[in-house]
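Have a look at the structure below, then the notes.
Excluded from the calculations below are hydrogen atoms, water molecules and symmetry mates; all remaining heavy atoms, backbone and side chain alike, are included. By convention here, the first residue in the shown sequence is residue 1.
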Amino acid sequence: MDKLINLDERLEMCASLVRESARLADVGCDHAYLSISLLKSGKISFAVASDINEKPLKSGEENAEKYGVKNIEFRLGSGLREIKSEDKITDVVIAGMGGEIISEIINESPLTKDESMNLVLQPMTKSEELISYLYENGFEISKQKCVVSKGKCYTVISAFYSGKSTEIDEAFKYTGKLDLNDEINRRFIKAEIRHLENKSKGDSSLSAVIEKLKRVIV
Ligand SMILES: C[S@@+](CC[C@H](N)C(=O)[O-])C[C@H]1O[C@@H](n2cnc3c(N)ncnc32)[C@H](O)[C@@H]1O
């Protein structure tokens with residue numbers, strides 16, 4: 001099939017943060033649409049698409065065949081465990097998982113501590129835990145954006161290892177490097193405030209961060 005894949009806005013945003021000519025590790029690839037689309041458009045030259053579960057991996061393999069995509073290898077396994085040095089991976093995408101799982105995957109792999117590695121991370125929940133993890137463990141965010149996809153607002157981060165841990169304040173865990181003049185980014189923070197307000201019923205420890213977030217988006 002010669003058609004390009006139309007990614008949804010969330011995956012399109014992830015794809016936009018992958019670098020030209022990258023060799024990609026697509027962790028938790030599921031349908032593998034991201035890798036297939038990037039290969040078909042010629043933006044990347046090679047991908048390892050991996051998944052911890054057999055069923056999604058199989059659907060990815062079927063899609064690669066359906067779209068006639070070469071230069072993609074499918075591997076069953078957790079996180080980045082199946083990546084080999086000869087894959088010469090330059091960019092990693094970990095999308096569509098919780099922030100805490102993404103942190104665990106980054107933490108257990110030496111590959112992510114290569115300063116030239118571009119990590120594209122798209123947490124479905126708990127982005128604040130991921131941002132805390134990154135700064136406490138020597139990573140830095142280079143870009144962060146939000147996107148609305150199927151009526152929901154998601155954040156996408158690109159990060160790299162600098163080796164320098166940085167202390168961040170409570171509000172930064174939520175805002176990260178988002179440009180708060182942008183309406184979609186503000187929408188994301190408003191949703192985080194609502195979530196914190198629901199969580200804080202009867203728990204005053206969250207009041208300070210809620211107030212601070214309200215102040216930064218006025
Ligand atoms: C919701 S899907 C996201 C698929 C795709 N990345 C996206 O963003 O549309 C999450 C996928 O991650 C896989 N997964 C969950 N934990 C994983 C892990 N530790 N290592 C690799 N894959 C994992 C699941 O099997 C599932 O296919």
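Annotation: the span from L11 atom CG to E9 atom CD amounts to 10.0 Å, rounded to 0.5 Å. Within the model, atoms CG of N198 and CG of L206 stand 11.5 Å from one another, a figure rounded to the nearest 0.5 Å. One distance of note links CD1 of I101 with OG of S78; it measures 9.0 Å at 0.5 Å rounding. The CD1 atom of I189 sits 13.5 Å away from the NZ atom of K214 when rounded to the nearest 0.5 Å. For the atom pair CD (E192) and CD (E128), the distance works out to 6.0 Å, reported to the nearest 0.5 Å. Between the NZ atom of K113 and the CG atom of N137 there is a distance of 8.0 Å, given to the nearest 0.5 Å.
Here the side chain of D182 pairs a donor or acceptor atom with the backbone of I184 at under 3.5 angstrom. A distance-only check finds no donor-acceptor pair linking the side chain of R10 to the backbone of S149 [under 3.5 Å]. Remark: the backbone N or O of Y67 is paired with a side-chain donor or acceptor of K40 at under 3.5 angstrom. A donor-acceptor pair under 3.5 Å is formed between the side chain of S103 and the backbone N or O of G99. Panel note: side chain K126, backbone E100; no donor-acceptor pair is recorded below 3.5 Å. Side chain of R75 to backbone of S50: no donor-acceptor contact under 3.5 angstrom is found. Judged purely by atom type and a 3.5 angstrom limit, N53 has no side-chain atom pairing as donor or acceptor with the backbone of K55. Between the side chain of N185 and the backbone N or O of L178, no donor-acceptor pair lies under 3.5 Å. Listed for the N63 side chain is a donor-acceptor partner under 3.5 Å among the backbone atoms of S59. Although no hydrogens or angles enter the test, the distance criterion places a donor-acceptor pair under 3.5 Å between the side chain of T112 and the main chain of S109.
Both L80 and L130 are members of a single hydrophobic cluster when ILVMFWY side chains are connected at heavy-atom separations under 4.5 Å. Side-chain heavy atoms closer than 4.5 Å link hydrophobic residues (I, L, V, M, F, W, Y) into clusters, and following such links, even through other members, never connects V93 to L119. No chain of hydrophobic side-chain contacts below 4.5 Å, direct or via other Ile, Leu, Val, Met, Phe, Trp or Tyr residues, connects F172 to I210. Linking ILVMFWY residues whenever their side-chain heavy atoms come closer than 4.5 Å, directly or via other members, places I72 and V18 in the same cluster. By the criterion of side-chain heavy atoms lying less than 4.5 angstrom apart, applied directly or through intervening Ile, Leu, Val, Met, Phe, Trp or Tyr residues, L39 is grouped together with F74 in one hydrophobic cluster.
Taking the charged nitrogens against the carboxylate oxygens, E197 and R194 have no contact shorter than 4.0 Å, which rules out a salt bridge. Salt bridge K70/E65: absent, no basic N to carboxylate O contact under 4.0 Å. R187 and E183 are not joined by a salt bridge, as no carboxylate oxygen comes within less than 4.0 angstrom of a charged side-chain nitrogen. Between R81 and E108 there is a salt bridge, with a side-chain nitrogen of the basic residue lying less than 4.0 Å from a carboxylate oxygen of the acidic one. Contact check on D169 versus K212 returns a salt bridge, with a Lys/Arg side-chain nitrogen under 4.0 Å from an Asp/Glu carboxylate oxygen.
Annotation: K190, atom NZ; neighbour count of heavy atoms from other residues, nucleotides and ligands within 6.0 Å is above 12. Heavy atoms from other residues, nucleotides or ligands lying under 6.0 Å from CD of E54 number 12 at most.
Pairing each heavy atom of A49 with each of S35, the nearest pair is CB-OG, 4.3 Å. Heavy atoms only, all atoms of each residue included: L76 and I52 are closest at CD1-O, 3.7 Å. A pairwise comparison of heavy atoms in C14 and Q122 identifies SG-CB, 3.7 Å as the closest pair. Closest of all the heavy-atom pairs between P56 and D51 is CG-OD1, 3.4 Å. V147 and M13 make their closest contact through CB-CE, 3.7 Å (heavy atoms, listed as atom of the first residue, atom of the second, distance). Across I94 and I106, no two heavy atoms sit closer than the pair CD1-CG1, 4.2 Å.
Under the 3.5 Å distance criterion, with hydrogens and angles disregarded, a donor-acceptor pair is assigned to the side chains of T155 and Q144. In summary, the side chains of S142 and S158 do present a donor paired with an acceptor at a separation below 3.5 Å, with no hydrogens or angles considered.
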| task | Go through L57 and C29 one step at a time and tell me if the side-chain contact (heavy atoms from CB on, under 4.5 Å) criterion holds. | result | CA-CA 7 Å; L57 197 70; C29 64; 4.0 Å; yes

| request: Determine, stepwise, if the pair K173 / E170 fulfils salt bridge (charged side-chain N to carboxylate O under 4.0 Å, His left out). | output: CA-CA 5 Å; K173 292 177 188 171; E170 277 302 305; 2.5 Å; yes

| said: Set out, in order, the CA-CA distance, both residues' side-chain angles and the distance that settles side-chain contact (heavy atoms from CB on, under 4.5 Å) for V156 and V120, then state yes or no. | reply: CA-CA 7 Å; V156 188; V120 178; 4.1 Å; yes

| query | Step by step, would you call I89 with V48 a side-chain contact (heavy atoms from CB on, under 4.5 Å)? | reply | CA-CA 8 Å; I89 295 301; V48 176; 4.2 Å; yes

| said: Between L38 and D26, is the side-chain contact (heavy atoms from CB on, under 4.5 Å) condition met? List the steps. | reply: CA-CA 11 Å; L38 284 165; D26 180 5; over 6 Å; no

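Of the listed residues (K43, R23, R19), just one forms a salt bridge (charged side-chain N to carboxylate O under 4.0 Å, His left out) with D91, and that residue is R19.
Between F139 and Y133, the ring-plane angle classifies as tilted under the 30° and 60° cut-offs.
Using a 4.5 Å cut-off on side-chain heavy atoms (C-beta onward), I141 and Y135 make contact. Counting only heavy atoms from C-beta outward, the side chains of S162 and E140 approach each other to under 4.5 Å. Side chains of L7 and I5 form a contact here, defined as non-hydrogen atoms less than 4.5 Å apart. Here the side chains of I105 and M97 are in contact, with some heavy-atom distance below 4.5 Å. Between Y174 and L196 the shortest side-chain heavy-atom distance falls below 4.5 Å. Side-chain contact between K143 and L17: present, with at least one pair of heavy atoms (C-beta onward) separated by less than 4.5 Å.
Y154 has its ring centre no less than 6.0 Å from the ring centre of F188.
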